[in-house]
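The chains referred to below are lettered A, B, ... by the order of the sequence lines, with proteins before strands, and numbering in each begins at 1.
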2 protein chains.
Amino acid sequence: MNINGAAVWDMDDRMDAFVTACKQNGLRLTHQRLEIYRELMAAKDHPSAEMVYTRVRMRIPTISLDTVYRTLGSLEECNIIGRVGASTSSARFESNPLPHDHFICDGCGEIRDVFASELNREALARAVPEEYVVRSSHVELRGFCPACGQGGGRD
Amino acid sequence: MNINGAAVWDMDDRMDAFVTACKQNGLRLTHQRLEIYRELMAAKDHPSAEMVYTRVRMRIPTISLDTVYRTLGSLEECNIIGRVGASTSSARFESNPLPHDHFICDGCGEIRDVFASELNREALARAVPEEYVVRSSHVELRGFCPACGQGGGRD
DNA sequence: CTCCATGCAAACTTTTTGCAGCACC
DNA sequence: GGTGCTGCAAAAAGTTTGCATGGAG
């Protein structure tokens, strides 16, 4: 049982789970790492590395931005934290300006247009509280294309 | 009627529509702009600015990368072309590593966790051909949060 | 002819990396 | 005490911007 086990925890329990998860992944429990995670856990706004840096610096004034980047990277790699959206290095363009969705192959990186929006629109609207106005939706599917197959891509 | 009018066109028709769309948006029909669009239209791989640059340079060896960036930016702004995923300047992190979805407010930029995945999984799988293996899905909803309201954000 | 778009270069932002010293295990 | 982590600095990658020239309308 790891950190992915439950939906809502109190902070202390989640810190305990974090410690366990770090140990399981061979990550040392440094002061910086603990504070970075604590700050991310307390944040409700999906902060950027820079935002985490600014906040953690209030507790550890000597921390450096590259440590924040490195730590967030390690934790993401171990699936202890997540990242909003895909981690695309550069912007990708397409001539089709109509709203549609994408399938991205984890093997070869191929991006394929798909049209899932219509299928989901009703369900999607129900996913947020009524007070929210949903204007558009974009679905990003990930998996393997026929060429890469189930085990084709290394991962 | 603009470029958004039909689903499948042949290249010449789409170029015609592109010319019309440019005129409607007050964009001049420069050699570079035409070739950039032609290349993006011919591409099936959702290329990056750099990729477009490399390809267009085969026809226009003197074109510069910043022109490609500027052109793609203009065309996107006029909704003549699209961009894969959100145009996020920096990576955003979250302590929740479980698969879930996001609602992003176009007014204030707030990112809110939502859980639409379960609702859509079956429909999503049907959105791609059978030979494709879907391993994960991420839905990005956009609209307005209660604070920003329908007309709260400018857009 | 006027003004937008281009090309060049340089700046800027975000993220990554090399290296020496320090801290965790 | 060994190894990974940190901090510093510098570099890399992606993108944007100022300015003078050139081409579209």
Shorter than 3.5 Å, N or O on both sides, protein versus nucleotides 21-25 of chain C: list them out with atom names.
from, atom 1, to, atom 2, distance (Å)
C:dC24, O2, A:Arg28, NH1, 3.2
C:dC25, OP1, A:Leu29, N, 2.8

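Remark: B:Asp101 does not engage B:Arg112 in a salt bridge, criterion side-chain N to carboxylate O under 4.0 Å. With salt bridges taken as basic N to acidic carboxylate O contacts below 4.0 Å, none links A:Arg55 and A:Glu39. Between B:Glu94 and B:Arg92 there is no salt bridge, since no side-chain nitrogen of the basic residue lies less than 4.0 Å from a carboxylate oxygen of the acidic one.
Between the side chains of A:His100 and A:His138, no donor-acceptor pair of N or O atoms lies under 3.5 Å.
The structure places OG1 of B:Thr67 at 13.5 Å from CD of B:Glu35, a figure rounded to the nearest 0.5 Å. The distance from the CZ atom of A:Arg28 to the CG atom of A:Leu34 is 14.0 Å, given to the nearest 0.5 Å. Taken to the nearest 0.5 Å, the OG1 atom of B:Thr71 stands 9.5 Å off from the CG atom of B:Asp66.
If you take CD1 of B:Ile36 and C1' of C:dG7, they are 12 Å apart, rounded to a whole angstrom. Straight-line distance from the CZ atom of B:Arg92 to the P atom of C:dT13: 17 Å, rounded to whole Å. For the pair A:Glu76 CD and C:dT16 P, the computed distance is 10 Å after rounding to whole Å. Rounding to whole angstrom units, CD1 of residue B:Ile60 and P of C:dT6 are separated by 9 Å. Atoms OH (B:Tyr69) and C1' (C:dT13) sit 12 Å apart, rounded to a whole Å. For A:Leu72 and C:dT15, the CG to P distance is 10 Å, given to the nearest whole Å.
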message = Set out, in order, the CA-CA distance, both residues' side-chain angles and the distance that settles side chain to side chain contact (heavy atoms under 4.5 Å, CB included) for B:Ile80 and B:Phe18, then state yes or no.
response = CA-CA 8 Å; B:Ile80 295 174; B:Phe18 174 67; 3.7 Å; yes

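Side chain of B:His46 to main chain of A:Ile111: a donor-acceptor pair is present (N/O by atom type, distance under 3.5 Å, no hydrogens or angles).
A:Leu40 and A:Ile63 fall within the same hydrophobic cluster, defined by Ile, Leu, Val, Met, Phe, Trp and Tyr side-chain heavy atoms under 4.5 Å apart, directly or through other members. Using a 4.5 Å cut-off between side-chain heavy atoms of Ile, Leu, Val, Met, Phe, Trp and Tyr, with links allowed through other members, B:Val134 and A:Val114 fall into the same hydrophobic cluster. In the hydrophobic clustering of this structure, B:Met58 does not group with B:Ile36; members are Ile, Leu, Val, Met, Phe, Trp, Tyr whose side-chain heavy atoms approach within less than 4.5 Å, directly or through other members.
The residue B:Arg33 sits close only to the backbone: its heavy atoms come under 4.0 Å of sugar-phosphate atoms, none of a base. In this structure, B:Ser89 reaches the sugar-phosphate backbone alone: every heavy-atom distance under 4.0 Å involves primed, P, OP1 or OP2 atoms, never a base. Using a 4.0 Å heavy-atom distance criterion, B:Ile63 is classed as a sugar-phosphate-only contact. Looking at heavy-atom distances under 4.0 Å, A:Thr62 makes contact with sugar-phosphate atoms alone, never a base.
Looking at which nucleotide of DNA chain C each of A:Arg70 and A:Ala49 is closest to, the 5′-most match is held by A:Ala49. Where A:Gly26 and A:Asp66 each meet DNA chain D at their nearest nucleotide, the meeting point lying more 5' is that of A:Gly26.
For DNA chain D, the span of nucleotides reached by chain B at under 4.0 Å from its heavy atoms goes, 5' to 3', from D:dG14 to D:dG25.
One end of the helix from C:dC1-D:dG25 to C:dC25-D:dG1 points its axis 40° away from the other end's axis, with each axis taken from 5 pairs and the angle rounded to 10°.
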